[in-house]
Each structure stands twice: as C-alpha cells, then as structure tokens.
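Because only heavy atoms are used, hydrogens play no part in the values below, and waters and symmetry mates are left out as well, while side chains stay in. To find a chain, count down the sequence lines: A is the first, B the second, and so on, and within it residues start at 1.
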There are 2 protein chains.
Amino acid sequence: METERTSLKLQDQLCFPLYTASRLVTQCYAPILNTLGITYPQYLVLLVLWENDAVNLSFIADRLQLQSNTLTPLLKRMQELGLITRTRSETDERNIIIALTTNGKTLRQEAANIPQYLADKLPLSAEEARQLYHILYKLIGNV
Amino acid sequence: METERTSLKLQDQLCFPLYTASRLVTQCYAPILNTLGITYPQYLVLLVLWENDAVNLSFIADRLQLQSNTLTPLLKRMQELGLITRTRSETDERNIIIALTTNGKTLRQEAANIPQYLADKLPLSAEEARQLYHILYKLIGNV
DNA sequence: TATATTTGTATCGTGAGCGATATAATCGTT
DNA sequence: AACGATTATATCGCTCACGATACAAATATA
C-alpha cells in the first residue's frame, strides 16, 4: 500500500531493515573472519585481489564502490598485517599498485569455506537468496 | 546454483550487494537529512521517538538493534543539537529517559515528505519493494 | 540485612565510511 | 615548452558500529 512506503513509522521504512540486515550479516562474518585476523571490509578487498592481483587502488574502489578516503587507511592496515604490498607504479606514479603477499594468497585456502559457512547461517531459501540478490543489484545499479 | 553461493567470487556473494545497497541508500538520505541538520542514524532515533516519546535508552536500543556503546554518544550529540533531553529516571536511576524537545517534535512535520522522497529515488517497483522488505525482515528475525 | 547477581548505561579503543579538501603526476591544448 | 585541466591518491575531521569492560542502581538470595 502506498501509505506503507510514505509513512514515518519505523516499521514502514524499507531503509531500516536494509541497514539492520547489512549490520547483522556483517556480524555473522565476525567469528570466522576473526580466526583469519581480518575485518569484513578487508575480506571484501581480498575477494577482489584473489580475482585480480596487482591492481591499483581505483580498481578496488570501483569494484567495491568505496573511495580513497576509505580505502587508503584500510589498505595501509592490510599492509601492516602483511597481507598486501603497496607500490607506486613506475609507468604512472599517481597509481599505487596493490598486490597480495604470500600470506595474502595463502589466506584464500583458509577462506574457501566462508561462503558455505555463511549460506548455512542465513535463514533464506535458494529462491529467496536469488530474489534478494536480484533486487539488491537493481538497487545498486540505479541509485 | 550451489556454486554461486559458495564461491569466493565477489559477484557470487550475497553479502556484498547488501552491504553496498545499505551504504548507497543511506547516501540517498544525506541531501534531505542535511537540510534538517541530522544524520541517518539520528533520523532512525527520531522515527522511534515520534512513535514513542519519553522512553529509556534500552527501548531505542531494542527497536533499532543498536547497543549502548553506539547510542550513548549518538544521543549526546542529539542532545547538543537540541533535539532531545536526557534525564535520569526518578523511579529507577539506572534508566535514562530520552524525550523530544519542542524542536525535535517540530522536525516531524519537516520530515513528513522524506519517505516519499526516497521511494521516488529508489528504482524499485511496489512489488519488488514488498519482496525486499519481506526477505530482509526474515533475515533480521533469524540471524 | 548483608551479599551476590542482574540490569541499564557509560567508557575505551579500533576500524570503518564519507564530505571536503589537498597534492602531485599526467594529459591536453595552445 | 608552458600552463590549465584532469586523474589518482592522500589527509583531515566527524560520526557511526562494536567488542570488551566498567560501574552504579536495583533485585534476588542466603
């Protein structure tokens, strides 16, 4: 109903369950990511690098929809953890090349079971997960 | 497919569009909330108080699924903005009663158009919004 | 009525997010 | 070659989130 999308009741807001679900799902990752010594945003960076190693910051920024003011300190912490290296490109010194260390690459095997671990934790059917995925990407693509 | 929920590809993760959609939708609120001089989490607190004024911190914590370590400083900032008062309960001094000021109450009228403003911004059909809402609450309720 | 437990809130430290702005390297245009 | 525009990243300041912990008030139990 139209009133449900335009009232000021908390229960009628779509944004609130989105905000809350995002936080709660992130918290679901915490136990297993803690065993790897990383945070959820750091895990996302690793997902990018496991697919495309040795990319510049902008590449990661584009894939994760994050900006340099978020990524620069985040990547510095990952460097301190020994997961990545940060090297200025020789061909274009504006670029900083982010590459996995041996540790960062090795972590991929330890992370292999994380998606299944989470799929088991979330109380969604395959069909609901598919619907949610579809709607969220529609949201992201056009907002 | 099962592999889609259990691979380490960024595109196969359900958590990532959830995390991103949440951030992007919050960013959608920023322009209109800026005109009111408040942030998105502060807006959520106001939604609670506009429905139930003069409640303790735990009530807000329960409704928003946030903890005191998040809410205490957030509420202090809202007090400094002149939106709420924070008063110790006389019957039980452990409780701190959060109540709207006149300013806080007045803001409700200025916020009345926010839900419609956002519904127009989000590229979802009524049916998609309903589905999303339903799935997200299922997620929140059981995680 | 002491004392242990529970409850409600606050404090501390760390890591995001993000608007605004800065800076240096590169590119385009003249 | 000079210089303005663009690009890539970094810095600053502020506001969340949240785990861990502290602390006082209230309650339960001995």
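- Each of A:V45, A:T101, A:L71 was checked for a side-chain contact (heavy atoms from CB on, under 4.5 Å) with A:M78, and the lone residue meeting it is A:V45.
- Salt-bridge formation is not detected for the pair A:E80/A:R77: no Lys NZ or Arg NE/NH1/NH2 atom is positioned less than 4.0 Å from an Asp or Glu carboxylate oxygen.
- With salt bridges taken as basic N to acidic carboxylate O contacts below 4.0 Å, one links B:K138 and A:E128.
- Of all nucleotides in DNA chain C having an atom under 4.0 Å from a heavy atom of chain B, the first and last in 5' to 3' order are C:dT7 to C:dC18.
- In A:E90, the CD atom is not crowded: 12 or fewer heavy atoms of neighbouring residues, nucleotides or ligands sit closer than 6.0 Å.
- In this structure, B:R63 and A:Q11 approach most closely via the heavy-atom pair NH1-NE2, 4.4 Å.
- Screening B:D92, B:T87, B:T91 for a side-chain hydrogen bond (donor to acceptor under 3.5 Å, both in side chains) involving B:S89 leaves a single residue, B:T91.
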Can you give one letter per nucleotide of nucleotides 9-19 of chain D, 5' to 3': B if a protein heavy atom sits under 4.0 Å from the base, S if only from the sugar-phosphate, - if neither?
BBBB--SSBBB

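- As judged by a 4.0 angstrom heavy-atom cut-off over every strand, A:T20 is placed among residues making no nucleic acid contact.
- More than 12 heavy atoms of other shown residues, nucleotides or ligands fall within 6.0 angstrom of atom CD in B:Q109.
- For B:Y19 and A:Y40, the gap between ring centers is short of 6.0 Å.
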